[in-house]
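First comes the structure, then the notes that go with it.
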Amino acid sequence: MTLEVIVLAAGKGTRMRSALPKVLHELAGRPLLEHVLDTVRALTPTRIHVVCGYGAESVREQLADAEDLNWVEQAQQLGTGHAVRQALPDLEPGSLALVLYGDVPLIRADTLRALLERASGGPALLTAEVKDPSGYGRILRDGAGAVEAIVEDADASETQHDITEINTGFIACPADRLRIWLDEIDDSNRQREYYLTDVVGRAVHAGATVASVSCADPDEIAGVNSQAELAKVERCFQARQAESLMDAGLNLRDPARFDLRGNLHFGEDCVFDINVVVAGDVTLGSQVSVGPNCQIIDSEIGNGVEIRANSVIEGVKIADHCSVGPFARLRPGTVLDAGARVGNFVETKNATLGEDSKANHLAYVGDATVGHRVNIGAGVITCNYDGANKHPTVIGDDAFIGSNSALVAPVTVGKGATVGAGSAVTRDVPEGQLALTRAEQQVRAGWQRPKKEKKN
Ligand code: UD1
Ligand code: CA
């Protein structure tokens, strides 16, 4: 049987107290909905139908790149049964339908596979035993233990409220039968909604067996209805990721104080101190150490690199054995060749530092090409911006830029040249020469400091 997935994502999520549609709230840097889509894609469905309503346009816009999605609009949210019904005309006859929610992001593909296996003749429900079943639909079983129906919390009797086996919301069912049973349901209930869960009663009535699969891990079925629940799901997702990274050999000083919002690849013996945030696509070689409070985004880092505390690195390529920080900020387009060093309070942007070059303290290096073994002193600024346009600075191999110098771009400092401390360099410096623009020091003999006048 071919598989058709229906993701319900039409709800507003009032309790989020946010203008953003609920399924666009981010988990580990990506919309909730994308996590669900990733998981169902592992089941290789023929198509994924996403039912949206509230904020449909922004949801579609955000996921415009996904070509395997069939967008279904549910203009009015009249219930989960009504939502599924909107997708039915697009389902292939003879297929198996899997219904899940866009705001329940931690479900595992294996759990869904187990559910699908049980759904050949009728609905298969994913259920769970919970301590506090309030708010959930309860599973009603007959004396022999067979599922008879689901009763929603709002409609449950006092004794039914005590049932602790709940409906998680994940349902698989042959599409053709689902169509028949969905046609039979109405909204004669407390909430005046078309309940998808009423399909179960209809199936039993038609003599079909209703299968159930129990989900043991409560995280998998945790939905996001509030900011607090979003935060909980985030911690859970991060814990799962940290676990698998450590399994793969990453040394996390404290897995509870590490966040990955993207993909991290790494070699052997990499160590992360606490409070590191990694985002986008980051690749590390072997023996990379990252100090506390660092942020690393979309970067490639070579072997034996040391990133020291409080450094922010984005869109950067760092070759082997470089050292960065503490308190360094490497902005997009920065390239550090092997053995380069960038120290505290140094900002770089669109700049290449050649092998073994260093900018150890308090510098800004932007739109610059710096050769090998160059020393950039404390307080050096490449003045790359004239208020309208950006200009390049080129510094040759073995040059020495004295402290507190301003290199006014466009400008070239030749190989082996020296810029004396405190210079404002506005013209090219020839190879091997010294450029010095500061005023001569004066010494005034006999000069005396003013004295404080005495007041009577
Ligand atoms: C639903 C189930 C309940 C189950 C619970 C698990 C029904 C009738 N009840 O209840 O048995 O225990 O989930 O969390 O199915 N949605 C739409 N269109 C609609 C209504 C809802 O797309 O018209 C979407 C929502 O965006 C949400 C999901 O369906 O993602 C569930 O809707 P919600 O209203 O939260 O259902 P519950 O009342 O919690
Ligand atoms: Ca819900």
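Whatever order the structure lists ligands and atoms in, that order sets their numbers, starting from 1.
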## Note on the structure
So for Ala9 against ligand 1, with non-hydrogen atoms under 4.0 Å, the contacting part is backbone

### Identified side chain to side chain contact (heavy atoms under 4.5 Å, CB included) partner of Leu3 from the options Leu116, Ile48, Thr46
Leu116

### Query
Got an N/O contact under 3.5 Å between Asn167 and ligand 1?
yes

### Query
Is Glu193 touching ligand 1 with its side chain, its backbone, both, or neither, if touching means heavy atoms under 4.0 Å apart?
neither

#### Entry: ligand 1 contacted by Thr197 (non-hydrogen, < 4.0 Å)
yes

#### Entry: Min N/O separation Gly169 to ligand 1 under 3.5 Å
no

### Message
Thr80 versus ligand 1: do any nitrogen or oxygen atoms come within less than 3.5 Å of each other?
### Response
yes

### Task
Run the numbers for me: atoms of ligand 1, each under 4.0 Å from some heavy atom of Gly137, listed by number.
3 (C), 4 (C), 11 (O), 12 (O)

### Message
For the 3.5 Å polar cut-off, considering only N or O atoms, please tell me whether Ala10 and ligand 1 meet it.
### Response
yes

### Task
Return yes or no for this condition: an N or O of Asp103 is under 3.5 Å from an N or O of ligand 1.
yes

### Message
Between Asp259 and Arg235, does any NZ, NE, NH1 or NH2 come within less than 4.0 Å of an OD or OE carboxylate oxygen?
### Response
yes

### Query
Do any nitrogen or oxygen atoms of Glu152 come within less than 3.5 Å of a nitrogen or oxygen of ligand 1?
yes

### Message
Within the 3.5 Å criterion, strictly below it, is a donor on Thr283 or Glu300 matched to an acceptor on the partner's side chain?
### Response
no

### Task
Could you tell me whether Val104 approaches ligand 1 through its side chain, its backbone, both or neither, with non-hydrogen atoms closer than 4.0 Å?
neither

### Query
Picking from Leu353, Asp320, Thr348, what satisfies side chain to side chain contact (heavy atoms under 4.5 Å, CB included) with Leu336?
Leu353

### Message
So for Gly79, does at least one of its heavy atoms come nearer than 4.0 angstrom to any atom of ligand 1?
### Response
yes

### Test: Glu92 and Arg47 ion pair at under 4.0 Å
no

### Summary
Note: ligand 1 atoms sitting under 4.0 Å from heavy atoms of Tyr195 are 8 (C)

### Query
If you measure from each non-hydrogen atom of Thr168 to ligand 1, which part falls under 4.0 Å: side chain, backbone, both or neither?
backbone

